[in-house]
Amino acid sequence: MTRLWVPAPTPAQVLTEAHLPESPFHQLLGFTRRLLRATRDIPAAERRLLLPNFVETFRWTTVRPRLPLRLIVAPTQPAPGQELPATPPLWRPRTCRSQYVWLPPEAALDGSPSAWQGLDDFDLLLRLFDFSAWRPILGQRFASQYGPPPFDPVSLGLAWLLARWRGWSWPQLVTELHSAERGPGYARRLGFQPDDLPSASALRMALHRTAPAWVVQCADSLALSLLAYGVLPDQATFPHDPPTRGVSLALDSQLIAARSHLRCRYMHANCFQPPAARQCAARTAGHAGCACDTEACQDHCRLATPRDPEAAYVYYHGSNQPPVAAALPDSPTSTRPPGRGKPHFGYKSKAFNVLDDRLCTYWPLPGPYAAANRNDHLQTIPGFASLRRRFPQLTIGEVTADAGEGYDDILRYIYSELHALRLVDLRAAAGDADPLTCLRRGYDAQGVPLCPHGYRLAFNGHDYTRHDSKWVCRQRCRRQPQPDIPLPPTPTAAPPSAPPAWASCPYRTPTQPLGQVVRVGLRLPDGSTRLARDLPVTSATYQLRQGRQSYAESRNASQARRHLKRSPWFGLANSAKATYLGDILILAGNVARFVREATLAHARSVLTGV
């Protein structure tokens, strides 16, 4: 057994500054709004090459002298409800069986394309980042200095990342570490000794004893460091937005299948109670269920999944909109379009993705992880609260999300607490298509205010100081005889010779060229919040901003590439760790991918002279 003394990380290994103004990444330039719209259909990798200084900033000859990219030791957040300050964890020097030390890239790794063959993004991120700052974080599982020497927690943590990058099981990972082809290279970079490698059970046990919050700390450590270097933006990157505005966040949840297979869709916590205390939900619903009167049900119901007790069944309809109301506004029934729904058994992961218009990408910050049947919007406000504790220096300027987040509490929180733009898809409700309902409440199905005669008001700008939007009619009835929302005919209609009702409108006078003025802040004129937005949802600006919600779907695709659509491990806690490791790979992999793209693009330009 190897014995190595692992001291505390030094300032040369750990980043202590929250901002590095000399970093070249702060000088990244993005598109103009016209170019951003014109290049929307171009793949992101090609769009980045059109940016003014992308290649110059990320190419290998620029990045290599600044290596390693050090990480910040993210503070440990107190438990919910505890009024304690967040404090960075400390590493007590001890003897270990391995020792991770950042190793510089090989001298042969230069800017030529041939030098990059056989080097994937995981190999590259091991050469870009010094992960020594994770040692105090992952070392929190050590209760004392007694017992046999453990493996360096950073070595094990990087081995978990390798397993997720490759989609390997624990036995496969151990086999690869022992292989003559790739094993020595991985062992050297991860800090293992070739003759003293961890077993599958050692890797599994270390992960099991690591709290999910500590894996989130590792992700925060990486994100805080990228913020300091200027790679991850700390201000708005949408073209022409002022630098004082906060970042754009895209919210989305992803369904994660449990490692266990579904046996009963009615499984719940009572299935794990003593037999006398159980009440079968399936039998209550009129199904066969289980009587729990056999020896197989002694510890738990035989139809339950004991290794995934928190997993839940849900039927996802393929849409976050509520059921579409029937043709009649007062119909008691509702229908939902047929088609895309599917059953799901497992968990739900939420992430807060920082949108980066400079680099046409996103940076995921881990959020809540819960059973699949927990509604998306119930996790949003607690997730925001946690995010603001973990990143107190990060100002949020706008929030994009689908209609599943369009509930009053969330819209109110975004407006009142974050002071951010609400770019949340509209959540439909019965009555939105009824002209009388729209006229009575004073706005249409898109949240556009209406005058009493049925004309839509025009958007006149958003006041970022007052945090409200102004809508004006501009005496539209003078130019348009028919209103936008016509009233249905009534039995007592006025005679054809009578002047229209809008002819006597008090806002038609020449002294009021703007006509009627309506300000929309938190609420619409009738006090409702559901359709209140800070920009008109049909405008080109809103569509361009909200269209970046697709970045959140990119996060789901990246997780799927790491084989994380179904959890590789049992239990909610271990499933959450797998998803958080996937987010870490996205954060670090973005940098590795940019360096590769810029380096190879520069090499092609040198060869072709273009």
Distance-only, no hydrogens or angles: does the [X] side chain make a donor-acceptor pair with backbone N or O of [Y] under 3.5 Å?
X	Y	answer
N353	Y362	no
W134	L158	no
K577	L207	yes

Between [X] and [Y], is any pair of side-chain heavy atoms under 4.5 Å apart?
X	Y	answer
C218	L222	no
F25	F58	yes
Y464	R245	yes
L15	L20	yes
L49	V55	yes
L365	L394	yes
H602	T61	no
R127	L119	yes

**OP:** Take the angle between the ring planes of Y347 and Y369 and call it parallel below 30°, perpendicular above 60°, tilted in between.
**Re:**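 Correct class here is tilted.
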**OP:** Give the ring-plane orientation class for F151 versus F192, where under 30° counts as parallel, over 60° as perpendicular and anything between as tilted.
**Re:**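 Rings of F151 and F192: perpendicular, as their planes differ by over 60°.
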Distance only, no hydrogens: is a donor on one side chain within 3.5 Å (strictly under) of an acceptor on the other, for [X] and [Y]?
X	Y	answer
S558	R561	yes
W363	N590	no
S98	D152	no
S201	S199	yes

Original post:
Is it true that the NZ or CZ of R94 lies under 6.0 Å from the centre of F142's six-membered ring and within 45 degrees of the ring axis?
Top reply: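 Cation-pi check for R94 and F142: passes.
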Original post:
Does the ring of W116 carry R59 above it, NZ/CZ under 6.0 angstrom from centre and within 45° of its axis?
Top reply: no
**OP:** Report the residues that fulfil side-chain hydrogen bond (donor to acceptor under 3.5 Å, both in side chains) with S567, sequence neighbours left out, ordered by chain and then residue number.
**Re:**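 Here the qualifying residues are S575.
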Subject >> For T32, all residues meeting side-chain hydrogen bond (donor to acceptor under 3.5 Å, both in side chains), sequence neighbours excluded >> reply: none
Electrostatic pair [X]-[Y], nearest N-O below 4.0 angstrom:
X	Y	result
R259	D308	no
R64	D110	no
D120	R166	yes

**OP:** I would like to know whether R47 and E597 meet salt bridge (charged side-chain N to carboxylate O under 4.0 Å, His left out); could you show each step before the answer?
**Re:** CA-CA 11 Å; R47 294 175 78 187; E597 291 173 357; over 6 Å; no
What distance do [X] atom [atom1] and [Y] atom [atom2] have between them, rounded to the nearest 0.5 Å?
X	Y	atom1	atom2	answer
D425	Q546	CG	CD	4.0 Å
I256	R566	CD1	CZ	12.5 Å
W102	L69	CH2	CG	9.0 Å

Original post:
Do you know the tightest heavy-atom contact between L359 and L51?
Top reply: CA-CD1, 4.3 Å
